[in-house]
Amino acid sequence: MKLTSYWQDTAVPGGDHRRTPIPERVDVAVIGGGLTGTSAAVELRKLGASVAVLEQNTIGWGASGRNGGMATTGLAIGFGTAVKRYGADRAVAMFRTYNDAIDSIEKLVAEHGIDCDFERSGKLTLAYRPAHFEAMVKTRKALEELAGHEVVTVPKAEIHREIGSDFYHGATVDPLAAGLHVGKFVHGLATAADKLGATICENAEVTALDRNPRGGHVLQTTRGRLHADQVLVATSGYTGKLTPWLRRRVIPVGSFIIVTEPLPRDVVDRILPHRRQASDSKNLIYYFRITPDDRLLFGGRARFAMSSPDSDVRSGQILVKAMTEVFPYLAGTRVDYTWGGLVDLSMDQLVHAGERDGVHYSVGYSGHGVQMATYMGQKMARFMSGDAEANIWGDVKFPPVPGHFGRPWFLPLIGGGARVLDAIS
């Protein structure tokens with residue numbers, strides 16, 4: 001069993017940027033070589049800006065190469081909650097932004113010829129309790145009435161047409177969601193940025209970020225110093241001490257994944273006959289899909305802990321048990337990969353993007369980073385280039401997490417609360 005991401009292991013980087021010289025000066029420095037950073041670099045070059053992407057490790061090393069490879073519709077907080085918090089008009093605008101974000105991936109794939117197995121296979125949201133399915137029916141009606149968006153609810157009696165399991169009490173299907181090979185996608189974006197003239201620098205951790213008295217910013221990296229007129233922080237769940245204001249507002253939560261051996265086609269057809277991108281309604285969510293080579297990817301917040309080799313192994317063992325609980329006929333199936341990564345939750349589970357002390361940022365994707373990170377990289381590039389309306393999240397308050405100044409000591413408390421809610425709700 002490999003303790004590495006399946007996506008990273010099965011993607012070929014477009015180039016080796018570990019020794020690319022750090023430029024002396026650029027218009028925009030992007031901190032982070034994931035989906036936000038690489039998509040921003042592509043868009044910035046199209047807009048005529050010189051840009052350097054500064055990645056601490058290698059392209060796609062963080063959350064962008066460690067997720068489930070799902071670009072799914074819907075807000076992390078749910079449409080009904082969004083309506084209650086922000087009113088119908090704003091909730092609809094937010095909801096449609098997530099759909100636009102999936103469209104943006106499809107357009108980038110086509111425009112740059114990125115071979116990443118992108119497919120509009122649809123989203124399958126599964127009801128963990130009967131009451132959850134009742135709520136799904138209400139949401140379906142609200143989406144149709146307020147947003148003109150149609151989804152299909154599937155009662156438990158018909159669940160086998162969507163999933164080979166009796167674990168759930170119904171489901172919702174949204175056909176607009178997509179699956180993709182995120183490893184190939186993020187490397188494809190980096191290749192596109194490189195061809196457009198962006199400078200990609202790997203193994204280039206930014207250790208200091210300071211205002212330049214003569215204008216712009218000075219960035220000290222482990223491989224040299226850089227002057228930039230503007231800076232975009234695109235560090236997601238790996239936001240750290242370089243940007244303490246942001247770190248106080250980002251909750252890095254471990255999300256863990258296992259991937260099985262390749263499965264016979266009849267087994268794959270039984271598990272998810274329509275190859276949907278599936279997740280359930282628990283707080284300690286399970287999510288799963290079929291990979292392009294007919295493996296089952298099964299993930300979840302198995303433990304509210306940070307990712308490390310030991311933590312990944314223990315979480316993988318929990319996920320194997322969960323997988324066979326949902327799909328008993330997979331007992332004994334070999335697991336070839338297990339890994340973990342950090343999801344960047346915000347207090348309100350909304351995306352947050354804007355500018356603070358002259359530094360721009362986009363974080364807080366809250367489990368929807370495949371599409372929203374890609375989309376917001378593009379949007380922040382336009383925002384930084386003078387399009388004030390490009391950032392839909394600019395007026396949303398970004399509260400800090402009380403008592404959060406370093407390592408997230410509170411994660412076990414959050415996990416315990418989530419387990420209680422799953423037991424009683």
Side-chain angles (χ1 to χ4, degrees), residues 15-45 47-64 186 189-190 193-194 196-250 252 342 344 352-364 373 376-386 391 398 406:
D16 185 347
H17 304 283
R18 293 174 294 177
R19 293 179 178 83
T20 303
I22 305 293
E24 291 185 6
R25 182 179 295 276
V26 292
D27 295 329
V28 183
V30 179
I31 304 175
L35 292 171
T36 305
T38 54
S39 64
V42 169
E43 190 67 18
L44 285 163
R45 285 303 300 142
L47 294 168
S50 60
V51 56
V53 177
L54 306 171
E55 166 55 43
Q56 177 177 347
N57 295 287
T58 53
I59 292 298
W61 180 90
S64 296
V186 70
L189 286 176
D194 184 47
L196 288 168
T199 302
I200 311 292
C201 302
E202 298 174 314
N203 286 2
E205 179 184 1
V206 179
T207 56
L209 172 59
D210 299 298
R211 282 284 190 102
N212 188 336
R214 290 172 290 182
H217 307 267
V218 179
L219 298 89
Q220 183 65 50
T221 80
T222 51
R223 296 206 286 113
R225 178 176 291 187
L226 170 70
H227 296 261
D229 294 333
Q230 294 179 294
V231 174
L232 174 63
V233 177
T235 48
S236 190
Y238 297 81
T239 301
K241 62 183 180 181
L242 180 71
T243 51
W245 186 86
L246 275 179
R247 180 170 64 174
R248 288 198 61 205
R249 289 159 171 77
V250 173
L342 298 178
D344 56 336
H352 290 276
E355 178 267 333
R356 169 76 177 183
D357 293 336
V359 174
H360 293 82
Y361 61 88
S362 182
V363 295
M376 288 307 300
Q378 295 177 300
K379 288 295 184 179
M380 288 307 293
R382 296 171 196 167
F383 181 74
M384 295 167 72
S385 300
N391 180 19
F398 196 2

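Positions are given from 1, in the same order as the sequence printed here. Heavy-atom basis, side chains included; hydrogens, waters and symmetry copies ignored.
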Take His352 and Arg249, measure what side-chain contact (heavy atoms from CB on, under 4.5 Å) needs, and give me the verdict at the end. CA-CA 10 Å; His352 290 276; Arg249 289 159 171 77; over 6 Å; no

Answer yes or no on whether Arg248 is positioned over the face of Trp245, meaning its NZ or CZ is under 6.0 Å from the six-membered ring centre and within 45° of the axis.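 Judged by the rule, Arg248 and Trp245 form no cation-pi pair.
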
To the nearest 0.5 Å, what is the distance between [atom1] ([X]) and [atom2] ([Y])?
| X | Y | atom1 | atom2 | result |
| --- | --- | --- | --- | --- |
| Arg45 | Thr199 | CZ | OG1 | 8.5 Å |
| Gln220 | Leu242 | CD | CG | 11.5 Å |
| Ser362 | Glu355 | OG | CD | 14.0 Å |
| Leu209 | Leu219 | CG | CG | 5.0 Å |

Show the numbers, then the answer: is there a side-chain contact (heavy atoms from CB on, under 4.5 Å) between Asn391 and Met376? CA-CA 8 Å; Asn391 180 19; Met376 288 307 300; 3.7 Å; yes

[Y] and [X], any side-chain heavy atoms less than 4.5 Å apart:
| X | Y | answer |
| --- | --- | --- |
| Asp344 | Thr239 | no |
| Thr235 | Tyr361 | no |
| His217 | His227 | no |
| Val26 | Val51 | no |
| Ser64 | Ser236 | no |
| Ile59 | Leu189 | no |
| Val231 | Ile31 | yes |
| Asp16 | Glu202 | yes |

Start with the C-alpha distance between His360 and Leu232, add both sets of side-chain angles, then the distance that settles side-chain contact (heavy atoms from CB on, under 4.5 Å), and finish with yes or no. CA-CA 5 Å; His360 293 82; Leu232 174 63; 4.1 Å; yes

Nearest heavy-atom neighbours spanning Leu226 and Pro23: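 The pair with the smallest heavy-atom distance is CD1-O, 2.8 Å.
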
Under the criterion side-chain contact (heavy atoms from CB on, under 4.5 Å), I'd like the reasoning laid out for Arg225 against Val218: C-alpha separation, chi angles, the key distance, then a yes or no. CA-CA 7 Å; Arg225 178 176 291 187; Val218 179; 3.6 Å; yes

Please enumerate all residues that pass salt bridge (Lys or Arg N to Asp or Glu O under 4.0 Å) together with Glu43, with sequence neighbours excluded.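 Salt bridge (Lys or Arg N to Asp or Glu O under 4.0 Å) list for Glu43, sorted by chain: Arg382.
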
